[in-house]
**Student:** 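Following this message is one structure expressed as structure tokens.
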Amino acid sequence: MQYFDGIEPLKFEGQSSTNDLAFRHYDPTEVFMGKTMAEHLRFAVCYWHNFVWEGSDVFGQNSFPRAWNALADSDPMTAAKAKTDAAFELFQVLGVPFYCFHDIDARPEGATFAESDRNLSQIVDYMQGKQEATGMKLLWGTANLFSHPRFMAGAASNPDPEVWAYSAATVASCMDATQQLGGENYVLWGGREGYETLLNTDLSREMDQMGRFFAKVIDYKHKIGFKGTILIEPKPQEPTKHQYDYDVATVYGFLKRYGLENEVRVNIEQGHAILAGHTFEHEIAVAQSLGIFGSIDMNRNDYQSGWDTDQFPNNTPEMALAYYEILKGGGFTTGGTNFDAKLRRQSIDLSDLVMAHAGAMDCCARGIKAAATMLDERPLMDFVDQRYSGWSGDLAAEISADAVSLSDIRGMVAERDINPKPVSGRQEHLENVVNRYV
Ligand code: XLS
Ligand code: NI
Ligand code: NI
């Protein structure tokens, strides 16, 4: 290893281990519910927080310059390859099966679209070689349509059709790249698809533009024969004040309106759910119930500041409830668990990067095992089944019949003296039950 020299690939050492550079709970080969833990969790490591970002924040400069980026000033393509080398080293240290990237994470920006496009194909060939050499796979690719100033007023929702065209062209190149790398999904996060003020915004036009954009993306997917899933990643705000992809329910309404609900699913991020005023498990459950659950970005927000701080997850009980909803819906298909998470600015060492992922993977393992046991022993499901059991009875059939009107029901209730008695919802009891598993 060139960059992660001295750090051995992590091993499963079991719960008694105190080694920070080992797994205590994540045993990739452990089988439950008919799959190995690795197959259930489908871990992915992201490029942007680990290999691009170097610790700057709004007040401060880079706090952990990375050796692989040092060459960027002299020859950007050499630096891009060095970054790829470093990334694949970390993937192997962690033993994860997947990774995720944006175009700009991997390739140098060119002076023109055509040059950026050429840079992307060059680095994608290099990444493909790395995948072949290591067995790594791509969970998803995506285009960064929010960092460059050309996207400051949005990509698909931009008032300027030149930006719309530039964005569409960028998505086409990134979908090709994702296809070439065998990616299992393609993500669209609408970072600046929204607005700062209505004073300068035509909201209906922007929505229509986005609808048209997505229709073309789906059309392109079929044209190139991409077999993966197209995923939208909801987020309510940040960077834009009002974002169109607010949460899962809003995204579904949008897809339905433009007739895209059978073509697109969602990539749900823990921190984005919190920003939208929901829990992570709420967002997952809504997506499952609408048939659009796809993948997750696993991380954690700071609950006090309210910001999308993209911290590494470490709250096992919360994670157990998220995996409970995922497993209840049948688990991942093309999706997986991507760590869209970054170090705190004072965690400057490469070993911090490894420990952060190791701890997060362990928490996921604990969470999903607790979830699997809760599903197997069914204490919550039995309670829920019982709670709704009236709906399999005669009254339910009668009042649901199309031929029965509201006034018929009024007659029935009066005649039979239907007089429902309140029943406890037993929330605290159920929370106690969950605590036995986590
Ligand atoms: C930002 C998003 C972003 C997407 C990919 O908040 O989470 O990282 O996952 O563009
Ligand atoms: Ni994300
Ligand atoms: Ni985020």
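Residues: numbered from 1 along the sequence shown. Values below: all heavy atoms of this structure, side chains included; hydrogens, waters and symmetry mates excluded. One-based numbering, in listed order, for ligands and for the atoms of each. A quick note: this is a predicted structure, and the numbers were derived from the prediction, not measured.
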**Student:** Within a distance under 4.0 Å of any heavy atom of H102, pick out the atoms of ligand 1 and give their elements.
**Tutor:** 5 (C), 10 (O)
**Student:** Describe, in one word, how the ring planes of F213 and W164 are oriented to each other, choosing from parallel (under 30°), tilted (30 to 60°) and perpendicular (over 60°).
**Tutor:** perpendicular
**Student:** If I consider every N, O or S atom in D308, which one ends up closest to the Ni ion (ligand 3)? I only need its name.
**Tutor:**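 This residue's closest N, O or S atom turns out to be OD2.
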**Student:** For ligand 1, which is the ligand I care about here, please tell me if N267 has any N or O atom under 3.5 Å from one of the ligand's N or O atoms.
**Tutor:**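 So ligand 1 has no N or O lying under 3.5 Å from an N or O of N267.
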**Student:** Should you measure from each heavy atom of D340, which atoms of ligand 1 turn up under 4.0 Å away?
**Tutor:** 2 (C), 3 (C), 4 (C), 7 (O), 8 (O), 9 (O)
**Student:** Pick one of side chain, backbone, both or neither for how D308 approaches ligand 1, counting any non-hydrogen atom pair under 4.0 Å.
**Tutor:** side chain
**Student:** Examine the side chains of D176 and Y220 and answer whether a donor and an acceptor come within less than 3.5 Å of each other.
**Tutor:**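 Yes, Y220 and D176 have a side-chain donor paired with an acceptor closer than 3.5 Å.
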**Student:** Can you tell me if W140 contacts ligand 1 (heavy atom of the residue under 4.0 Å from the ligand)?
**Tutor:**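 It does, in that a heavy atom of W140 comes within the 4.0 Å cut-off of ligand 1.
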**Student:** Give the atom name of whichever N/O/S atom in E269 sits closest to the Ni ion (ligand 2).
**Tutor:**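 The Ni ion (ligand 2) is closest to the E269 atom OE1, counting only N, O or S.
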**Student:** Rounded to the nearest 10 degrees, what's the angle OD1 of D310 makes with NE2 of H272 at the Ni ion (ligand 3)? Could you check?
**Tutor:**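 Vertex at the Ni ion (ligand 3): approximately 150°.
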**Student:** Between N301 and Q311, is any side-chain donor less than 3.5 angstrom from a side-chain acceptor?
**Tutor:** no
**Student:** Closest to the Ni ion (ligand 2), which N/O/S atom of E233 is it?
**Tutor:**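 For E233, the N, O or S atom at the smallest distance from the Ni ion (ligand 2) is OE2.
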**Student:** To check your reading of the model: name the closest protein heavy atom to atom 6 (O) of ligand 1, its residue, and the distance in Å.
**Tutor:** K235 NZ, 2.9 Å
**Student:** Does one side chain, of T337 or Y323, offer a donor that lies under 3.5 Å from an acceptor on the other?
**Tutor:**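 There is such a pair (donor and acceptor under 3.5 Å, judged by atom type) between the side chains of T337 and Y323.
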**Student:** Could you list the atoms of ligand 1 found under 4.0 angstrom from a heavy atom of D297?
**Tutor:**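 Close to D297: 9 (O).
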**Student:** Numbering the atoms of ligand 1 from 1, which are under 4.0 Å from a heavy atom of W48?
**Tutor:** 8 (O)
**Student:** Which single N/O/S atom of D297 lies at minimum distance from the Ni ion (ligand 2)?
**Tutor:** OD2
**Student:** Between D340 and the Ni ion (ligand 2), is there a contact where an N/O/S atom of the residue lies under 2.8 Å from the metal?
**Tutor:**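 A backbone or side-chain N, O or S atom of D340 is under 2.8 Å from the Ni ion (ligand 2).
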**Student:** Evaluate the ring planes of Y99 and F91, with Trp represented by its six-membered ring, and classify them as parallel (under 30°), tilted (30 to 60°) or perpendicular (over 60°).
**Tutor:** parallel
**Student:** I need the minimum non-hydrogen distance between P234 and H272, along with the two atoms involved.
**Tutor:**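 For P234 versus H272, the nearest heavy atoms are O-ND1, 3.0 Å.
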**Student:** Only one of D297, D247, D308, D245 clears salt bridge (charged side-chain N to carboxylate O under 4.0 Å, His left out) with K235; which?
**Tutor:**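 Going through D297, D247, D308, D245 one by one, the salt bridge (charged side-chain N to carboxylate O under 4.0 Å, His left out) with K235 is satisfied by D308 alone.
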**Student:** Please work out which of the three classes, parallel, tilted or perpendicular, describes the rings of F43 and Y26, given edges at 30° and 60°.
**Tutor:**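 Ring orientation of Y26 relative to F43: perpendicular.
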**Student:** Do R150 and Y166 form a cation-pi contact, if we require the NZ or CZ to be under 6.0 Å from the six-membered ring centre and within 45 degrees of the ring's axis?
**Tutor:**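 Yes - R150 lies over the ring of Y166, closer than 6.0 Å to its centre and within 45° of its axis.
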**Student:** Classify the side-chain pair E196/H242 by whether it contains a donor and acceptor separated by less than 3.5 Å.
**Tutor:** no
**Student:** Any N/O of T142 closer than 3.5 Å to an N/O of ligand 1?
**Tutor:**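 No, since none of the N or O atoms of T142 sits under 3.5 Å from an N or O of ligand 1.
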**Student:** For atom 2 (C) of ligand 1, what's the nearest protein heavy atom and its distance?
**Tutor:**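 Minimum-distance protein heavy atom for atom 2 (C) of ligand 1 reads E233 OE2, 3.3 Å.
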**Student:** Is H272 in contact with ligand 1, taking contact as a heavy-atom separation below 4.0 Å?
**Tutor:** yes
**Student:** With a 4.0 Å cut-off on heavy atoms, is V187 touching ligand 1?
**Tutor:** no
**Student:** Under 3.5 Å, is there a donor-acceptor pair between the E54 and Q61 side chains?
**Tutor:**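 Looking only at side-chain atoms, Q61 and E54 do not form any donor-acceptor pair under 3.5 Å.
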